[in-house]
Asker: 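Let me begin by handing over the structure; questions about it come next.
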Amino acid sequence: PAPPPRVKARGAAAGPLIAMLPWSRCRAALPRRGARVHPRSLQARCPPAHIHCSSVPARKHGDFFRDLENEFAKFKQKAKEALPGSDWSPVHQTAGLPPEWADIVIIGGGIVGWSTAYWLKKKEAIREGVRVVVVERDPAYSRASTVLSVGGIRHQFSLPENIHLSMESAHFLRNIQEHLNVVNEDPVDVQFNPSGYLLLAGKEQSDIMAENYRIQRDEGAAVTLLTPQQLQRKFPWINTEGVALASYGLENEGWFDPWLLLNAFRRKAISMGVYPCHGEVVGFQHSTREMETDEGTTVSLKRIHHAIVQMPNSAECQPVKCALLVNAAGAWSSKVAEMIGIGNGPEGTLQGTKLPVEPRKRYVYVFHSPDGPGLDCPMLIDYTGAYFRREGLGGNYVGGLSPAEEEEPDSSNLEVNYEYFHEQIWPKLAQRVPAFQSLKLKSAWAGYYDYNTFDQNAVIGFHQLVTNMVFATGFSGHGLQQSPAVGRAVAELILDGRFKTLDLSAFDFIRFYKGTKLLENNIV
């Protein structure tokens with residue numbers, strides 16, 4: 001047989017693998033075949049380590065294996081990218097598209113949406129066991145209810161469900177590092193200020209306040225009642241004229257920064273594997289099944305299979321296959337419900353019962369009063385509806401007033417009516433706090449309540465006819481303060497099949513069909 005071809009070990013024609021071997025540079029020093037050579041003479045012929053006979057550049061010891069490992073790493077990366085299920089595609093894809101499927105799609109990336117996403121991942125039995133996508137159309141949150149609120153939290157409600165929701169949320173905020181801390185990130189600080197809430201009642205409201213106080217104490221809230229004399233001694237800057245009774249929160253009430261809490265929930269949820277998506281849900285693909293009741297009425301049961309997500313500033317849409325949706329769209333949640341036909345049936349039927357949630361605009365004003373209340377200033381809510389609290393340490397305050405039903409402002413924009421402060425709010429504040437007679441208005445903003453026009457309370461739970469849509473909306477101004485507990489409750493309902501920590505079945509959608517109102521007396 002013909003001898004194998006010889007491979008040159010030097011020069012440009014040498015093979016790349018051979019040229020990298022350390023002995024290739026010594027080939028010229030070897031004796032011819034068959035010659036008898038003493039070992040010492042062979043050592044003499046071989047050049048020292050720092051002298052090379054080959055034209056191949058000098059390489060450090062171990063470079064061959066290092067280069068080999070690098071080549072293998074590149075190969076494995078290319079192979080991984082080409083595997084099914086990866087993000088690699090020969091066709092260009094629009095950046096920011098949501099995944100093609102998810103177990104749960106949450107519509108609305110406000111505080112309730114991200115809290116729900118966090119608790120879903122927190123409760124999953126195995127890592128990556130639940131695939132969650134949060135769709136938010138306004139990632140700057142320029143019109144979001146969350147970041148435009150005053151950030152208050154209180155236990156002073158009249159419904160036990162609301163009391164416990166806020167108590168659980170306050171406990172969450174007290175131990176927030178245990179929940180929302182992310183490894184190698186800065187600690188979470190929402191700047192919680194536990195200065196309490198102070199509610200004032202006139203003669204007409206005093207009996208209601210006393211009854212609310214009894215309920216709050218029975219449910220474990222730390223509140224106390226103050227007579228006008230006690231109120232004057234504790235807060236000497238208050239004019240107690242017209243005040244018959246006051247209720248003051250002793251612990252776990254106050255305010256915090258909404259933006260910081262929202263970002264903490266979002267950052268933690270994303271670190272746990274939640275997919276954020278910048279887009280807007282514009283429709284659904286669903287199936288319908290007809291059923292007949294005992295009375296002979298035909299009922300249509302719907303099940304959503306895909307949420308159609310439109311990308312921002314584009315006509316491109318991405319259908320996301322899903323098993324379940326959470327409607328946490330806040331003030332616009334009724335529009336999301338209408339897309340699947342909720343409320344489009346005959347009047348007086350469950351199919352024709354609408355989700356009674358709409359945007360209501362509320363103004364928040366920032367004013368300066370150097371002689372106003374000091375560091376002991378709580379969140380004060382007057383029986384006229386006017387409220388204020390301290391903002392920082394420089395004599396600044398924020399306050400507002402919810403308008404009467406017939407005076408509701410136009411909610412199509414977030415423009416601020418400054419005359420409303422001068423005509424409606426300032427006189428009430430100055431009457432209650434004489435130091436505010438010389439205040440100076442500095443700035444203002446407007447935000448939205450996801451206002452439940454039926455009974456001003458939350459809607460939490462599955463819809464009876466759209467079997468895989470869950471509501472978490474309609475909080476009417478107290479969604480931010482209850483969001484940690486609400487997110488956990490929704491996650492329990494989805495993953496455990498029932499409420500476990502708190503029984504929130506009273507907030508079910510069916511009450512709108514039955515006409516059973518769940519009234520809350522303490523709405524600000």
Side-chain angles (χ1 to χ4, degrees), residues 96 98 105-117 133-152 255-267 269 276-283 307 309-314 325-339 355-366 398-403 408-418 420-421 443-453 456 458-459 471-483 486-487 524:
V105 172
I106 298 175
I107 306 173
I111 191 71
V112 173
W114 279 111
S115 173
T116 302
V133 174
V134 177
V135 182
E136 171 56 45
R137 66 177 182 177
D138 179 21
Y141 297 99
S142 59
R143 296 166 60 89
S145 301
T146 299
V147 299
L148 296 174
S149 71
V150 296
W255 57 89
F256 56 89
D257 191 317
W259 177 254
L260 294 177
L261 182 60
L262 172 63
N263 276 290
F265 266 122
R266 186 178 187 274
R267 183 182 70 172
C277 173
H278 177 198
E280 181 178 2
V281 174
V282 295
V309 180
Q310 182 174 350
M311 306 313 296
N313 305 316
S314 171
L325 293 101
V326 178
N327 185 349
W332 294 271
S333 54
S334 61
K335 293 185 177 180
V336 174
E338 290 172 1
M339 293 179 192
L355 177 64
V357 177
E358 65 183 32
R360 293 282 181 95
K361 185 164 70 173
R362 295 292 181 264
Y363 305 122
V364 180
Y365 299 91
V366 182
V398 296
L401 170 69
S402 293
E408 283 288 345
D410 179 17
S411 61
S412 63
N413 59 69
L414 288 177
E415 296 178 358
V416 175
N417 182 355
Y418 289 91
Y420 184 73
F421 177 82
S443 62
W445 72 84
Y448 289 117
Y449 275 9
D450 53 339
Y451 194 81
N452 177 355
T453 59
Q456 294 80 58
V459 189
F471 293 115
T473 184
F475 297 94
S476 304
H478 44 269
L480 172 68
Q481 61 182 289
Q482 297 178 348
S483 59
V486 168
V524 180

Asker: Partners of Ser333 by side chain to side chain donor-acceptor pair (under 3.5 Å), sequence neighbours excluded?
Answerer: Thr473
Asker: Students often mix this up, so state it plainly: with edges at 30° and 60°, are the rings of Tyr451 and Tyr449 parallel, tilted or perpendicular?
Answerer: parallel
Asker: Any side-chain heavy atom of Leu148 sitting closer than 4.5 Å to one from Val364?
Answerer: no
Asker: Taking all atoms of both residues into account, what is the closest heavy-atom pair of Val398 and Trp445, and its distance?
Answerer: CG1-CH2, 4.5 Å
Asker: Looking at residues at least two apart in the chain, or sitting in another chain, which of them share a ring-ring contact (aromatic ring centres under 6.0 Å, His included) with Tyr448?
Answerer: Trp332
Asker: From Ile107 CD1 over to Asn327 CG, what is the distance, rounded to the nearest 0.5 angstrom?
Answerer: 5.5 Å
Asker: Quick one: closest heavy-atom pair of Tyr420 and Pro403, and the distance?
Answerer: OH-CA, 3.4 Å
Asker: Under the side chain to side chain donor-acceptor pair (under 3.5 Å) rule, collect the residues that match up with Glu358, sequence neighbours excluded.
Answerer: Arg360
Asker: Distance from Trp114 atom CH2 to Leu261 atom CG, nearest 0.5 Å?
Answerer: 13.5 Å
Asker: How many angstroms lie between CZ in Arg137 and CE in Met311, if you round to the nearest 0.5 Å?
Answerer: 15.0 Å
Asker: Could you work out, with side chain to side chain donor-acceptor pair (under 3.5 Å) as the rule, every residue matching Ser142, not counting sequence neighbours?
Answerer: Asp138
Asker: Over all heavy atoms of both residues, which pair between Pro276 and Arg266 is shortest? Give the atoms and the distance, please.
Answerer: CB-NH2, 3.9 Å
Asker: Calculate, to the nearest 0.5 Å, the distance between atoms CD1 and OG belonging to Ile106 and Ser115 respectively.
Answerer: 9.0 Å
Asker: Classify the ring geometry of Trp259 against Tyr141: parallel below 30°, tilted from 30° to 60°, perpendicular beyond 60°.
Answerer: perpendicular
Asker: Using side chain to side chain contact (heavy atoms under 4.5 Å, CB included) as the criterion, list what pairs up with Pro312, not counting sequence neighbours.
Answerer: His278
Asker: Please round to the nearest 0.5 Å and tell me the distance separating atom CH2 of Trp255 and atom CD of Gln481.
Answerer: 13.5 Å
Asker: Check side chain to side chain donor-acceptor pair (under 3.5 Å) between Asn452 and all other residues, then give those that pass, not counting sequence neighbours.
Answerer: Asp455
Asker: Out of Leu414, Val416, Leu401, which residue meets the side-chain contact (heavy atoms from CB on, under 4.5 Å) rule with Tyr363?
Answerer: Val416
Asker: When rounded to the nearest 0.5 angstrom, what is the spacing between OG in Ser149 and CZ in Phe256?
Answerer: 7.0 Å
Asker: Looking only at heavy atoms, what is the nearest atom pair of Gly110 and Glu136, with distance?
Answerer: N-OE1, 3.9 Å
